[in-house]
Each structure stands twice: as C-alpha cells, then as structure tokens.
Amino acid sequence: MQKRIFLSPPKLNGREIEFVNKAFEENWIAPCGPNLTAFEDEICRYNGIGYAVAMSSGTAAMHLALKYVGVEQGDTVFCSDLTFSGSCNPVLYQGARLVLIDSEEESFNMSPTALEKAFVSAQKSNELPRAVIIVDLYGQSADYDKLLPICEKYGVPVIEDAAEALGAEYKGKKCGKFGYISVFSFNGNKIITTSGGGMAVSDDENATTKINFWANQSKEKANYYLHNEIGYNYRMSNISAGIGRGQLITIEENINRRKEIFEFYQKSFRNLPITMQPILEGAKPNYWLSVLMIDDDCKTIPDDVINALEKDNIEARRAWNPMHCQPIFKDCEFFAHYDNASVSRHVFDKGICMPSGSQMTQEDLERVTSAFIGAFNTKT
C-alpha cells in the first residue's frame, strides 16, 4: 500500500527541538518559563496585538474569553453555525443559551444578513446577547466590515474565533485583531502547532491579565495557596511553547505552500463540476484547508469522492457539519441567511476538505488529483 496522505499533518522544520532542548537543559518543565513568555511575545509581534495568554487549547481560551466578557447562567451568545464544536461548547460551560447564525456564500463565514435577523429578534424580546462569536473558517476571515458595525450598533462585544486563521488577513489586518478578545488554536492539524494548545489575545491588558489569573487556578499573590475565585488548569507548558516558537519561524513558508496547493487543485479540477471555496474580497487566507464544493446538479456526492480517495490511502473529509444539525445543539435557535434555506447546511452537503498539508510533495498532489478525478470519471 502507498504511504498515507493525511488531511493536514504538522510540518516540523527542525528548529523546534532547539527550544525544547533548551527547556530541558534549564529544567523549565512546567506550565511557565522562558519559552512560554517568549512564544506569547512572538505571537503578539507577528500578529500586531498587545497581549497574549498561551493555554492548553483553543477551547480553553474561548471559555475564559466568554467568562471575561461576563457570560453567565441564562445569558445568550450568538455563534457562527458552520464551525467545530469547540467554538460552542464553552458557551454551555458557562450555562448560557447558544443561538446559531448561518453562513454567507461569499466566504462560508457568518452571514451579516442572518446576524441582523438575530439581533432584531433579540431586541424585540429584550434579550440581547452577551457576546457574539465570529469564526474565521478554514483560514479565511469573516466579512468584518459588515459584521462589526452590526455588533457595535447593539453594543455587544465580539470574540473572534481565529483558531484556524493565524496568519490570515482582512484588508491588511491580521485575523485575531478583530475581536475584543480573539482565540487561536495550535492543535496538531493547524497552520503551526504546539502539539495541542491555544491562545487568547487582546489589546486590553486587563483582559489577558485576568484570563491568565484564571488559567493559573486563580492563585492569589501570597506566600501560601490562597483562592478567592474558581480557577482552571489551562496554562500551556513550557515544552509545548518551545515547539510553537520553532514552528512560528516558518509560518509564512507554510502559508505560501498551502496557497500553492489550493491553486493546484483549482487548476487541476477546472473541467470538473466543482468550485473552490470562494475568497472574500479584501481577504488574504492562510489556506489552512483547501475546500471545494460539488455542483448541485452533479450526481457525484462528497462521500463518493472521500471513499475513492480512502481506497488510495488518502484522507479527506466532509465540510463541518453545522452546529444546528448536531444532536447536542438541535434545540438551539438558528437564524438562516435565506428564509427557506441554510447556506451552512448546503456547504456540508456539497463540501469536501482536501489534503492540504504544508509538506505535500508534487507527487502527493498528483496522486490526490488523479484519485479525485477518477471518482468523477467512474460515477454515472
């Protein structure tokens, strides 16, 4: 059997081990230390943001971001519908009510039309949300020129879920700069990785100071253990941060390679009944995953293609299953972009995430495209 081609495996550049070894040499094997502090500083410089807290996961960062903006039992939070459940689960951690907002066709991200519908409804019932979580899906920014003014009009803070979008830009500004608090993920499949981990970033120092306090078990400054608030064991380790420091050195190289992969698929499939994920005007994606849509009138369905690729030991997957279609969130209120159709459900029904790893060779790409085209040629 040929080697397995994974969807989005990590690409190590060799520099990671230098920072990890230094942590061992200096005995900083803890959820604190020079790598951790430096990694936070380096992400801030790279992203043009003021303050950062490296944490055990993007979900942990989202949880404490929601807590900081005051989300409590009985509150409401609006969230992008087309996303991973890690965007939504922290809302439930806080005992709040989740309201799901459909996508737009221009970017697959949150629909300004659906968001406005949700706000109008909430205002009528005098139940404005405590926060809005806007996701930058598949490494592309949402349409912040339209979304942010809506949230500002109603006085509701935005938490930007940029878990998939480190290095992506919107009109010259990097993702992670659009939320009052923003969240990154460094999971093993992301554009850079710390194996597992995440980060909360903000230009408000008070926000990250408090989040850091909670993430460190809410330990008060005393010469003994003193806790006045509930705390969480959410800090990233100094070892993991060392991996992140090495990874960050070649992030632009990773982005450039993934763009080449996206463009290769776009060219290779130009005669097939598919379209690549649209790129929003003014956006500069990091091309974390290359996503395509099968045309509505095509008999081939995503599972046909995914199964054909799997026979050749190639991993692909469906687009995100929208949160309003998930059993755990089935009772949540959902606002659609169209009156009679959901864009996010259509993306799920027709979308495929293609292998997009930064280390893919030309041989890998040709093997993937050959198997992909074959799935269409053999389907009647």
Side-chain angles (χ1 to χ4, degrees), residues 16 19-44 49-75 77 85-96 130-131 133 157 159 161 163 176 179-188 193-246 248:
E16 300 89 352
F19 298 102
V20 171
N21 282 342
K22 190 170 181 61
F24 276 91
E25 291 166 5
E26 297 177 349
N27 201 32
W28 278 108
I29 316 299
C32 61
N35 277 336
L36 192 61
T37 301
F39 185 45
E40 291 168 342
D41 290 344
E42 288 159 5
I43 288 288
C44 284
I49 200 137
Y51 308 96
V53 184
M55 302 170 71
S56 57
S57 68
T59 305
M62 178 62 70
H63 180 198
L64 296 191
L66 289 167
K67 182 177 173 68
Y68 185 79
V69 299
V71 175
E72 297 178 342
Q73 181 85 28
D75 286 336
V77 175
S85 64
S87 305
C88 300
N89 286 333
V91 176
L92 305 190
Y93 299 169
Q94 290 300 101
R130 180 71 69 171
I133 300 170
I159 297 174
D161 185 345
Y180 170 54
I181 301 171
S182 298
V183 170
F184 294 123
S185 171
F186 307 116
N187 193 28
T193 185
T194 58
S195 177
M199 188 174 284
V201 299
S202 180
D203 281 321
D204 183 348
E205 184 178 12
N206 292 329
T208 54
T209 297
K210 192 65 175 182
I211 287 171
N212 184 44
F213 172 72
W214 286 329
N216 278 290
Q217 297 283 27
S218 297
K219 291 183 287 187
E220 301 287 350
K221 292 181 179 178
N223 63 356
Y224 58 97
Y225 286 103
L226 178 65
H227 307 272
N228 293 316
E229 300 180 51
I230 293 173
Y232 306 86
N233 187 17
Y234 278 174
R235 280 295 259 160
M236 181 184 286
S237 81
N238 194 57
I239 300 297
S240 296
I243 298 172
R245 293 186 69 191
L248 189 58

- request: Drop me the distance from S87's OG to D161's CG, to the nearest 0.5 angstrom.
  value: 3.5 Å
query: Any salt bridge between E16 and K22, counting N to O under 4.0 Å?
result: no
task: Measure the shortest side-chain to side-chain distance between V91 and I133 over non-hydrogen atoms and say whether it is less than 4.5 angstrom.
output: yes
With E229 via side chain to side chain contact (heavy atoms under 4.5 Å, CB included) - residues at least two apart: K210, F213, W214, S218
- prompt: Is the number of heavy atoms from other residues, nucleotides or ligands within 6.0 Å of CD1 (I230) greater than 12?
  reply: no
task: State, without any angle test, whether D204 and Y180 hold a side-chain donor-acceptor pair at a distance under 3.5 Å.
output: yes
query: When rounded to the nearest 0.5 angstrom, what is the spacing between CZ in F19 and OG in S240?
result: 14.5 Å
message: Do I159 and V69 make a side-chain contact, defined as non-hydrogen atoms from C-beta onward lying under 4.5 Å apart?
response: yes
message: Could you check whether any side-chain heavy atom of P34 comes within less than 4.5 Å of a side-chain heavy atom of N238, counting everything from C-beta outward?
response: yes
- prompt: To the nearest 0.5 Å, how far apart are CD1 in I43 and CZ in R245?
  reply: 11.0 Å
side-chain contact (heavy atoms from CB on, under 4.5 Å) between E40 and T208, intermediate numbers included: CA-CA 11 Å; E40 291 168 342; T208 54; over 6 Å; no
message: Show the nearest heavy-atom pair for residues I49 and G176, with the distance to one decimal.
response: CD1-O, 3.2 Å
- prompt: Nearest 0.5 Å, what's the CD1-CG distance between I181 and D203?
  reply: 11.0 Å
CE-CZ distance between M199 and F184, expressed to the nearest 0.5 angstrom: 8.0 Å
query: How many angstroms lie between atom NZ of K219 and atom OH of Y225, to the nearest 0.5 angstrom?
result: 5.0 Å
message: Side chains of F24 and I239, heavy atoms from C-beta outward: is any pair under 4.5 Å?
response: yes
task: State, without any angle test, whether E220 and N228 hold a side-chain donor-acceptor pair at a distance under 3.5 Å.
output: yes
Tell me which donor-acceptor pairs under 3.5 Å the side chains of residues 53-68 have, and how far apart each pair is, sequence neighbours excluded?
| unit_1 | atom_1 | unit_2 | atom_2 | d |
| --- | --- | --- | --- | --- |
| S56 | OG | Y234 | O | 3.4 |
| S57 | OG | T59 | N | 3.4 |
| S57 | OG | A60 | N | 3.0 |
| H63 | ND1 | Y234 | OH | 2.9 |
| H63 | NE2 | Q94 | OE1 | 2.9 |

- request: Check the pair Y224 / L226 against side-chain contact (heavy atoms from CB on, under 4.5 Å), numbers first and verdict last.
  value: CA-CA 6 Å; Y224 58 97; L226 178 65; 3.9 Å; yes
field: Heavy-atom check, side chain of T194 versus side chain of N187, under 4.5 Å
entry: no
- prompt: How about M236 and F186: do any of their side-chain heavy atoms sit closer than 4.5 Å?
  reply: yes
Non-hydrogen side-chain atoms of W28 and N35 separated by less than 4.5 Å: no
